[in-house]
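Letters A, B, ... mirror the listed sequences (proteins, then strands); counts begin at 1.
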Amino acid sequence: MDTLAVFQDSLAAQGYLTEETVTLTRTMVDSLMASNKTIAADLQALKLSAGQGTQDNQFKIDNLWMLVASALVFIMHLGFATLESGLSRAKNTINILFKNTVIPCIGLLTFALMGYGLMFPGFVAGTSMEFFGFAGFGIPLPENGETAAYNGKFTFWTDFLFQAMFAATCATIVSGAVAERVKLTAFLVFSFVYVMLVYPIIGSWKWGFGWLHTLGFYDFAGSTLVHSVGGCGALAGALLLGPRLGKFYKGRINPIPGHNVTSAVIGTFLLWLGWFGFNGGSVLSADPALVSKVILVTCLAAAAGGMSATLTIFTLSKNYDISMTLNGILSGLVAITAGADQMSPLDSIVIGTVGGVLVVVSVLVIDKMRIDDPVGAISVHLVNGIWGTLAVGLFGSLSGLPQLGAQLTGIVACNTTAFAAAFSIFFILKKSMGIRVDEEEEINGLDTYEHGIEAYPNFSLK
Amino acid sequence: MDTLAVFQDSLAAQGYLTEETVTLTRTMVDSLMASNKTIAADLQALKLSAGQGTQDNQFKIDNLWMLVASALVFIMHLGFATLESGLSRAKNTINILFKNTVIPCIGLLTFALMGYGLMFPGFVAGTSMEFFGFAGFGIPLPENGETAAYNGKFTFWTDFLFQAMFAATCATIVSGAVAERVKLTAFLVFSFVYVMLVYPIIGSWKWGFGWLHTLGFYDFAGSTLVHSVGGCGALAGALLLGPRLGKFYKGRINPIPGHNVTSAVIGTFLLWLGWFGFNGGSVLSADPALVSKVILVTCLAAAAGGMSATLTIFTLSKNYDISMTLNGILSGLVAITAGADQMSPLDSIVIGTVGGVLVVVSVLVIDKMRIDDPVGAISVHLVNGIWGTLAVGLFGSLSGLPQLGAQLTGIVACNTTAFAAAFSIFFILKKSMGIRVDEEEEINGLDTYEHGIEAYPNFSLK
Amino acid sequence: MDTLAVFQDSLAAQGYLTEETVTLTRTMVDSLMASNKTIAADLQALKLSAGQGTQDNQFKIDNLWMLVASALVFIMHLGFATLESGLSRAKNTINILFKNTVIPCIGLLTFALMGYGLMFPGFVAGTSMEFFGFAGFGIPLPENGETAAYNGKFTFWTDFLFQAMFAATCATIVSGAVAERVKLTAFLVFSFVYVMLVYPIIGSWKWGFGWLHTLGFYDFAGSTLVHSVGGCGALAGALLLGPRLGKFYKGRINPIPGHNVTSAVIGTFLLWLGWFGFNGGSVLSADPALVSKVILVTCLAAAAGGMSATLTIFTLSKNYDISMTLNGILSGLVAITAGADQMSPLDSIVIGTVGGVLVVVSVLVIDKMRIDDPVGAISVHLVNGIWGTLAVGLFGSLSGLPQLGAQLTGIVACNTTAFAAAFSIFFILKKSMGIRVDEEEEINGLDTYEHGIEAYPNFSLK
Amino acid sequence: MIGIKAVIRITKFDEVKDALKEIGIEYFTYYDVRGVSFQAEQKGIYRGNSIIDSTSAQKRVLDIMVPEIEAPDVIACISKSASTGTAGDGKIYTYPITSVVRIGS
Amino acid sequence: MIGIKAVIRITKFDEVKDALKEIGIEYFTYYDVRGVSFQAEQKGIYRGNSIIDSTSAQKRVLDIMVPEIEAPDVIACISKSASTGTAGDGKIYTYPITSVVRIGS
Amino acid sequence: MIGIKAVIRITKFDEVKDALKEIGIEYFTYYDVRGVSFQAEQKGIYRGNSIIDSTSAQKRVLDIMVPEIEAPDVIACISKSASTGTAGDGKIYTYPITSVVRIGS
Ligand SMILES: Nc1ncnc2c1ncn2[C@@H]1O[C@H](COP(=O)(O)OP(=O)(O)O)[C@@H](O)[C@H]1O
Ligand SMILES: Nc1ncnc2c1ncn2[C@@H]1O[C@H](COP(=O)(O)OP(=O)(O)O)[C@@H](O)[C@H]1O
Ligand SMILES: Nc1ncnc2c1ncn2[C@@H]1O[C@H](COP(=O)(O)OP(=O)(O)O)[C@@H](O)[C@H]1O
C-alpha cells in the first residue's frame with residue numbers, strides 16, 4: 001500500500017503542481033478506472049467463492065460428524081441387546097436379542113412413515129405453545145434438503161437418520177424391564193405404537209419447538225425426552241406384567257442373576273461408546289469447543305457414576321457387584337444427557353456421582369416395592385433421567401430457580417404423559433391379546449416357545 | 001466502490017476540466033499504477049491461497065471420511081467372525097474364528113503384494129475393453145500420492161487401505177458356507193488365491209475401468225463384485241465339500257442350529273455398522289448429499305430386509321426365527337449395495353423387502369437341493385448380490401432397459417467367472433491335498449484336531 | 001489487469017501528453033485514492049476472513065478426528081476386557097471384567113485429578129532436562145483453551161480426553177498378567193497409583209517435553225511410554241504374585257486354557273480397531289498424508305504379526321494356535337506404535353513379522369522361566385514395546401546409530417523406572433494388605449468370593 | 001440303606017425340594033440328564049425345518065440315600081410333589097446300597 | 001427290573017439310539033461324563049505346551065431300566081452298535097433295581 | 001464286582017485322582033452334580049439381595065467299578081485323599097454290580 005502513500009505524499013508536498021507534469025487522456029483515465037473496477041469485481045467474486053468454499057467445507061465437516069454420530073448411536077442398539085440379554089437367563093436370550101434386533105428396524109421404518117412428521121411438525125420456534133402437530137407422512141426431500149441451505153449444517157437425510165436412530169431407543173429401554181415374561185407379539189405392538197406415536201409427540205414439545213421449548217424447558221440430548229420416556233414405558237410394563245415367577249418367593253426378594261456377564265459388559269461399553277454420538281451429535285454440528293466439552297463431560301459423568309455405584313453397593317453389601325457398576329456407568333450417562341453442553345467437568349462429576357448412588361438405592365427400593373425390573377431399566381433411565389433433567393436447573397450455566405421451574409414442568413409433563421400412554425397401551429393389550437406368557441413357557445424359557453430353539457443349543461454337549 | 005463512482009461523476013460533470021485542477025507528475029502516476037498492481041497481485045495470491053486452504057480442508061475431510069470408512073469396513077471382519085461362529089456348533093468355533101482372523105491378515109498382505117496391481121491396472125476409463133491387466137507388484141507410492149494431487153480426495157495410502165479392507169471380505173463370505181467340515185490348510189490356500197487373484201481381476205472389469213465399466217455395468221459398492229463373487233466361492237465350496245454329517249439324514253433335512261445366538265447377533269450388528277463405511281465410503285468422498293443419502297438408504301434396506309424375512313419365516317413356520325431375521329438384515333444390506341447412490345428411500349425399502357423374502361425362500365430351496373450352507377452365505381451374498389445388481393436396472397435413477405441389459409451382462413460375466421474359478425481351485429485342492437476333514441474329526445469337532453483345544457474348555461466345569 | 005497496461009501504454013506512447021487531455025480535480029484524485037484504499041482494505045479483510053474460515057474448518061476437522069480417535073481408543077478398554085477374560089477361566093471372568101470396567105473410570109478421574117498436570121508440566125520443549133514437574137491439580141480451562149488458539153488443532157478438552165483414554169491403558173495391561181489370583185482391592189490400589197503417578201511422570205519425560213525428548217528419544221504413540229510401562233507392571237506383578245495353582249505342577253508346564261475364545265477374538269479385533277485411533281490419533285491432526293500412512297502401516301504390521309506368530313507356533317507345535325495368532329496381531333500393533341509415522345509399508349511388515357516371532361518365543365521362554373502370565377501381556381506389551389522402540393533406530397526415516405542410542409537410553413530409563421515403581425507398589429501392598437487371594441478362593445474362582453456370583457450362573461441349567 | 005433315583009421335570013424341582021425338606025430329608029444330590037422317549041417328536045424349528053429329535057427332553061435326576069424304612073415316604077413325597085398329571089412326569093427307582101462311608105472319617 | 005449302565009463314545013450315540021429303538025426300547029436316560037483312563041495322555045496343545053490330562057475323554061452314559069429278561073438283548077444290542085473295534089469303546093454294567101414307581105400314580 | 005460312588009469336593013479332584021492312580025486304579029468315570037444340603041444357606045449376593053439357595057454346592061461324583069476285594073482299599077484311599085477335615089467333604093457309597101461287558105466283545 002506504500003505506493004499509494006508515495007502518490008499522496010507527492011501530491012501534498014508539491015501543492016498538486018510541479019513542472020514535469022503528466023497530462024492524462026480520457027482513454028488513460030478510463031482504463032485506470034476500469035482497472036480498479038476489474039479488481040473490485042474480482043475481489044467480490046473471490047469473496048463469494050472463498051466464502052462458498054469455506055461454507056462447503058464447514059457443511060461437509062458438520063454433516064460428516066452427524067453421520068458418524070448416527071453410526072455411534074446405531075451401535076447402542078447392540079449395546080442394549082447384549083446388556084439386557086446378558087442380565088437375563090439363558091433360556092430367554094433369543095427372545096431379548098430378537099426384540100432388540102427388530103426394534104431398530106421397526107424404529108427406522110415407523111419413524112420414516114410417521115414419527116418424523118410428528119416430531120417436527122413445523123411449530124414456530126419461540127412462540128408456539130402447541131402440543132400436537134403433524135407435518136405429514138413419509139420423508140419427502142424438502143427443497144434444498146441435500147444442500148447447506150437446509151440448515152447450514154447437514155442434509156435432510158442426515159437429520160432424519162440421526163433422529164431415527166434415537167427414536168428406537170425408548171422401546172429398547174422398555175424391553176429390559178419386561179424381559180423374561182412378556183408376550184413377544186404384544187411387545188412388538190407396544191413398540192410399534194410407542195415409537196411411532198408417543199415418543200415423537202412428546203419429543204415435539206421440546207425438540208419440535210412446541211410448548212415446552214417455548215417455556216424454556218431444557219433437555220440437551222434427551223434425559224427426559226428419550227430416557228425418561230423409555231423408563232416410563234418400562235415402569236408401566238413392569239407394573240402390569242407383575243414380577244417373574246420366583247422373584248418374590250415366600251416373602252423374600254429372590255435375586256435372579258443373568259446368564260452372561262461378558263455380554264453385559266460388552267453391552268455397557270458399547271452404550272458408553274454410543275453416547276459419544278448420542279450427546280456429541282446432539283450439538284448438531286462439529287463445533288470444536290462444544291463437541292469436545294460435551295464428550296468429555298459425558299465420559300467423566302460415566303466414570304463417576306460407575307465408581308460411585310460400585311462404592312455404594314460395596315458399602316451396603318460388601319461385594320463388588322459388577323451389575324451395579326455397569327448400571328452406575330449408564331446412570332452417569334443418562335444423568336449428564338440433559339445438560340451435557342451446560343456443565344463444567346466438575347459439575348459432570350458431581351452429577352454422575354449422584355447418579356451412581358441413585359441407581360443403587362433405586363434398584364433396592366424398587367425391589368422392596370415388589371416391582372420386578374430384571375435389568376434395572378427403571379432405575380437407570382427413569383430415575384436418572386429425572387435427576388439429570390433436574391440437574392440442569394441446579395448446576396451449570398443455566399442453573400437457577402426459573403430454569404428449575406421449567407425443568408420441573410417438563411419432567412412432570414413428559415413423564416405423566418409417557419406413563420399414561422404406556423400404561424394405556426399395555427393395559428389394552430393385556431385385556432385383548434394378553435401380555436404375559438403362560439407359566440409353563442416362562443419356566444421353560446421363552447426361546448423354545450416363540451423362537452423354536454434355544455440360544456446356546458450346541459454349546460456344552462457335542 | 002462508491003469513491004470510484006464519485007471520481008467518474010466528477011469527470012463527467014465537469015467535462016474533465018475545472019479550475020482547480022491537479023496536475024500529476026510521472027512519479028505520482030507511476031505510484032498510482034504500482035498501487036493497483038500490488039493490489040492485483042495480492043488478490044491473485046489470496047485467490048490461490050484461499051483456494052489452496054479450501055482445497056486442503058476438503059482433501060482433509062474427504063480423506064478423513066475414507067479412513068473412518070476403512071475402520072468401519074475393517075470391523076466387518078469381526079462381524080463375519082462372530083456371525084459365522086455363532087451359527088455353527090461350539091466344537092468348530094475356534095476353527096471358524098481362526099479363519100476369520102487370519103483372512104483379513106492374508107487379505108491385507110496379498111492385496112499389497114499383487115491384488116492392488118491387478119485391480120487397478122491402469123485401464124483407460126471409458127474406452128478400455130480389457131479383461132486383464134497388471135500394474136505391478138507391491139504398493140510403491142505414486143508421485144504426489146500423499147497429496148490432493150493424487151485424486152483430489154484422498155491419499156494413495158487411504159485408497160489402498162479402503163480397497164484392501166474390501167478385498168478380504170469375499171473369502172470371509174466363503175468361510176461361512178464351508179464351515180464345520182473344510183480342511184483348514186486347504187481353505188487357507190483357497191483364500192490366498194481367491195483374494196490375491198480372482199477377486200481383483202474380476203473387480204478390475206468395473207472398478208479398474210475395464211470392459212464392464214465401459215459397457216455401462218453399474219455396481220456402486222459391490223453387490224456383485226464383492227458379495228456375489230464371495231457367494232460363488234461359497235456355492236462352489238459347499239457343492240464340492242458336500243453336506244455336513246447328519247444334515248441330510250435318512251432323507252430328512254435335519255437342522256443343525258449354531259451354538260451361540262448372542263455371538264450371531266453381535267456379528268450382524270457389526271456388519272450393519274460396517275456397512276455405513278462399506279457403502280458410505282464407496283462415495284469416495286465426504287460429499288454431504290451423497291454420503292448421507294447412501295447411508296440412509298442402506299439402513300432402510302437393512303431394516304426392511306430384517307422385517308420382511310421375519311414375517312416371511314413367521315408365515316411359513318409360525319415362529320420368530322432370529323437366524324432368519326439376521327439373514328434378512330444382511331440381505332437388505334447386500335441388495336442395496338449395488339445401487340445405494342441411485343435409490344430413493346422408498347426404492348431402498350422395496351429392495352430390502354424383496355431381499356428379505358428372497359433370503360428365506362432361498363435358504364429353504366438350497367436346503368431342498370441338498371446343498372449344506374450352515375450360515376446361509378449363498379442366500380445372503382450370492383442370491384441377494386444378484387438381486388441387488390439387477391435392481392439397479394429396475395429402480396432408481398439409472399433404471400431402464402439398457403441398464404438392465406448392462407446389469408445382466410455384468411451379473412452373468414462375474415458370477416460365471418467367479419464360480420468357475422472357485423470351483424477349479426477347490427477341485428484342484430480336493431484332488432491334491434483334500435478339502436474335507438475325516439469323519440472322526442468332523443464328529444468330534446475341528447477345534448481339538450487343528451487347534452489343539454476347544455473354544456470354551458473351562459466354561460462350565462471348574 | 002490489461003486495462004492498466006493500456007493506461008501505461010498510452011502514457012508511454014504519447015510522452016505523457018496529448019491534445020485531448022483530462023485535468024483532474026482534487027476531489028477526483030482523492031476519490032481515486034480512496035477507491036484504491038477501500039479495495040485494499042477489503043482485500044485485507046477478506047484475507048483475514050478467508051484465512052479465518054479456512055483455519056476454522058481446519059481446526060474443526062483436526063478436532064473432530066481427535067475426538068473420533070478418542071472414541072476408538074476408548075473402545076480398546078472393552079477389547080482388553082474381553083481379550084483378558086476370554087483367555088482366563090470362567091470362574092474368574094467377572095473379576096477380570098470388573099477390573100477392566102473400573103480401570104477406565106479410575107483412569108479418567110485420576111488423570112483429571114493429577115495425571116494431566118504431571119504429564120504436561122510445562123517443560124520447555126527442546127532444552128528441558130527435567131525428570132519431574134507438576135502443573136497443578138485438576139483441569140482448569142487454559143485461556144483460549146476452547147479455540148484454535150490453544151494449539152491450532154484441537155481444544156483443551158479434546159487434548160485431555162485423548163490423553164486420559166491412553167492413561168488407563170497401562171493398568172489394563174497389568175490386569176491380564178496378574179489375572180486369576182490377584183486380590184481385587186490390592187489391584188485397584190495399584191492401578192490408582194500407577195495411572196495417577198507413574199505413567200504420567202514417565203510420560204512427561206518424552207511427551208511432556210522432558211529430558212528424553214530433549215535427548216532425541218522417539219516414541220510416536222507409546223510402544224515404550226504406554227505398552228512397555230504397562231508391561232513392566234505386568235512383569236512385576238507376575239513375579240511378586242507367583243504362578244497360579246497348578247500352572248507349574250510336578251515340574252511340568254501345565255497349560256491353563258481360557259474359557260471363551262469367542263470373547264478373546266472380539267477383544268483382539270476391538271484392540272486392532274482401537275489402534276486406528278491410538279496411532280492415527282497420535283498424529284495430533286487429520287493431516288491426510290500422515291494419518292493415512294500411519295493407519296496403513298499399523299494395519300500391515302498387525303497382519304504381518306498375526307501371520308508370523310501363526311506360522312511360528314505352527315512350526316513349533318504343529319497346530320494353529322489361535323491364542324498365538326491373536327497375540328501376534330497385538331504384537332505387530334505394539335511394535336509399530338513407536339515409529340508408525342516414520343515407517344514405509346515394507347518396514348512395517350518387517351517390524352510386524354519380527355514382532356510375531358518374538359511374541360511366540362517370548363511366551364515359551366517366560367513359561368520356561370516359571371513366570372505365569374495368563375494372557376501373554378509381558379510378551380505382547382513389554383517385549384514388543386522394547387522391540388518397536390528399538391526398531392525406530394533400525395528402520396524408517398529416523399534410523400541410524402545416534403537414534404539407536406537415544407532409543408536405548410529411553411528404553412532403559414523408562415523400563416527400569418516403571419519396573420522399579422511397579423515392583424515397589426506391589427511389594428508394599430504384599431507386605432501390608434496382601435496381594436494374593438487365598439488358595440480356596442483361587443480354586444473356587446474369584447467371582448463368587450469378591451463379586452457374589454458367577455459370570456454365567458444361569459447358562460447351562462434352566 | 002437304599003438309593004432312590006428320581007427322574008423328574010426340571011420345572012418341578014423347587015417344589016420337590018421344598019417337599020423333601022419338609023419331610024426331613026437333609027441331603028440329596030442332583031444332576032441333569034436327557035430323557036429319550038421315542039414317542040416324543042418335534043423339538044423345535046430352525047430355518048424352516050423341524051428339529052425332529054427324540055433325545056432332547058431335559059430331566060433332572062435326584063439321587064437320595066435313605067434308610068430303607070424311610071424310602072416309601074420319600075417316594076410318595078416325590079411322586080406327589082413332582083406330578084403335573086400329564087405324560088412325562090418321570091419315574092422313581094430304588095436300588096440297593098451296600099455301604100456308606102463319610103469322607104475323612 | 002434291572003438297570004443297565006452303558007458307558008459309550010459320544011460319537012456312537014446316534015447309532016446306539018437307533019439300534020435301541022429297533023429292538024423296542026421305549027425310554028432311556030443319558031448324561032455326559034468324563035472317563036479317566038490313566039493310559040490316555042496328550043489331550044491337546046496350548047501356547048506351545050502339551051495338555052497332559054488323563055481326565056478328558058468325554059463319554060456318554062446310557063441308563064436303561066428293563067425287565068431282567070430283556071437285559072441280554074439290550075446289552076448285546078448296545079455292545080454291537082457302540083463298537084468301533086478300537087480301544088476306548090466303553091463298558092456296560094448291570095445293577096439291581098428293587099422297585100419302580102411312575103410319578104403321579 | 002462292586003460299584004463305588006464317591007461324592008467329593010471338586011477342589012479335591014486332582015489329589016484323589018493321583019491317589020487312585022497310585023493304588024493301581026486304571027479307569028474311572030466322573031461327572032459333576034450339585035449337592036443339596038438344607039443347612040447351607042447364603043450362596044451369593046446380587047444387586048443387594050442375598051441369594052439364599054440350598055442347591056448350589058457343586059460336587060463331583062466318581063463312579064468306579066472294582067472287584068469286591070479291592071473296594072475297601074479304594075474307599076480308604078478316597079476317604080483320605082478327598083478329606084479337608086471340614087464339613088462338606090462328601091460321602092462314599094457302594095452298590096452291587098451284577099455283570100460287566102466290554103463293548104465290542
Ligand atoms: N425304562 C427307563 N429307563 C431309563 N429311564 C427311563 C425309563 N423310563 C423312563 N425313563 C426316564 O424318565 C423320564 C420320564 O419318563 P416318563 O415320565 O415315564 O414318561 P411318561 O410320563 O410319558 O411315561 C424319561 O425322559 C426318561 O429320562
Ligand atoms: N472300572 C471302571 N469304573 C468306572 N468306569 C469305567 C471303568 N472302566 C471303564 N470305565 C469307563 O468306560 C470308559 C471306556 O473305557 P474302556 O472302553 O474300557 O476303555 P478301553 O477300550 O481302553 O478298555 C472309560 O472312559 C470310563 O469312563
Ligand atoms: N443322603 C444323601 N443322599 C444323596 N446325596 C448325599 C447324601 N448325603 C450327602 N450327599 C451328598 O454328599 C455331599 C456332601 O455331603 P457331606 O459331606 O455329607 O456333608 P457334611 O460334611 O456336611 O456331612 C452332599 O452335597 C450331597 O451331594
Side-chain angles (χ1 to χ4, degrees), chain A residues 3-4 6-7 10-11 16-18 20-22 26 29 33 35-36 39-40 42-43 46 50 53-54 57 59-61 63-64 67-68 71 74-75 78 81 85 93-94 97-98 101-102 105 108-109 112 139 146 154-155 157-158 160-161 184 263 450-453 455-460 462, chain B residues 1 4 7-8 11 16 22-29 31-32 34-36 38-40 43 46-47 50 54 57-58 61 65 68 89-91 257-262 265-266 269 273 276 286 288-289 291-293 295-296 299-300 303-304 306-307 310 319-322 325 345 444-445 460:
Chain A
T3 53
L4 246 200
V6 173
F7 182 57
S10 6
L11 273 180
Y16 303 126
L17 200 68
T18 63
E20 195 193 343
T21 58
V22 176
R26 194 175 176 158
V29 171
M33 286 186 333
S35 157
N36 267 20
I39 290 181
D42 258 38
L43 188 59
L46 177 58
T54 301
N57 279 338
F59 176 48
K60 230 173 174 176
I61 306 165
N63 186 69
L64 179 58
L67 287 174
V68 171
F74 167 74
I75 209 62
L78 176 57
S85 69
T93 297
I94 292 187
L97 294 171
F98 179 83
T101 304
V102 297
C105 298
L108 275 163
L109 297 174
I139 43 169
E146 288 188 331
F154 39 85
T155 68
W157 306 125
T158 304
F160 170 76
L161 188 69
L184 183 52
S263 188
E450 311 233 34
H451 306 280
I453 52 158
Y456 308 99
N458 284 306
F459 200 90
S460 48
K462 282 191 185 166
Chain B
M1 251 31 54
L4 246 199
F7 183 59
Q8 196 154 22
L11 275 179
Y16 303 126
V22 178
T23 311
L24 306 178
T25 64
R26 190 170 180 162
T27 318
M28 288 157 71
V29 172
S31 61
L32 187 62
S35 158
N36 268 19
T38 307
I39 291 180
L43 187 60
L46 178 58
K47 209 180 272 180
T54 301
N57 279 337
Q58 168 259 310
I61 307 165
W65 167 236
V68 172
R89 286 166 293 181
K91 62 183 177 183
H259 81 291
N260 193 331
V261 174
T262 296
V265 168
I266 292 176
F269 270 93
L273 176 70
F276 278 66
V291 176
S292 62
K293 197 172 145 196
I295 293 182
L296 174 61
C299 288
L300 288 175
M307 292 314 295
T310 301
N319 71 332
Y320 292 109
D321 190 324
I322 193 169
T325 306
N444 287 315
S460 48

For A:His451 versus B:Asn319, what's the shortest heavy-atom pair and its separation?
O-ND2, 3.1 Å
Mind checking the CD1-CG spacing from A:Ile139 to B:Leu300? Nearest 0.5 Å is all I need.
5.5 Å
Can you confirm whether the side chains of A:Ser263 and B:Thr262 place a donor and an acceptor under 3.5 Å from each other?
no
Under 4.5 Å between any side-chain heavy atoms of A:Phe98 and B:Val261, yes or no?
no
Can you tell me how far the CG atom of B:Leu296 sits from the CG atom of A:Leu67, to the nearest 0.5 Å?
9.5 Å
Please classify the contact between B:Ala50 and chain A as side chain, backbone, both or neither, with a heavy-atom cut-off of under 4.5 Å.
side chain
Can you name the one residue among B:Leu43, B:Ile39, B:Leu46 that meets side-chain contact (heavy atoms from CB on, under 4.5 Å) with A:Asp42?
B:Leu43
State, yes or no, whether a side-chain contact exists between A:Trp157 and B:Ile295 at a heavy-atom distance under 4.5 Å.
no
A:Phe154 versus chain B, heavy atoms under 4.5 Å apart: side chain, backbone, both or neither?
neither
Examine whether an atom of B:Phe276 lies under 4.5 Å from a heavy atom of chain A, and if so say whether it belongs to the side chain, the backbone or both; otherwise answer neither.
side chain
CE/B:Met307 to OG1/A:Thr101 distance, rounded to the nearest 0.5 angstrom?
11.0 Å
Check whether A:Ile94 gets within reach of chain B through its side chain, its backbone, both or neither, counting any heavy atom under 4.5 Å.
both
Do you know which of A:Asn63, A:Leu161, A:Leu64, A:Asn57 has the most heavy-atom pairs with chain B at a distance under 4.5 angstrom?
A:Asn57
Measure distances from B:Thr310 to the heavy atoms of chain A and classify the residue's part below 4.5 Å as side chain, backbone, both or neither.
side chain
Provide the closest heavy-atom pair for A:Thr155 versus B:Ser292 in the form atom of the first, atom of the second, distance.
OG1-OG, 2.7 Å
For the interface with chain B, which of A:Leu97, A:Leu78, A:Val68, A:Thr158 has the highest count of heavy-atom pairs at distances below 4.5 Å?
A:Leu78
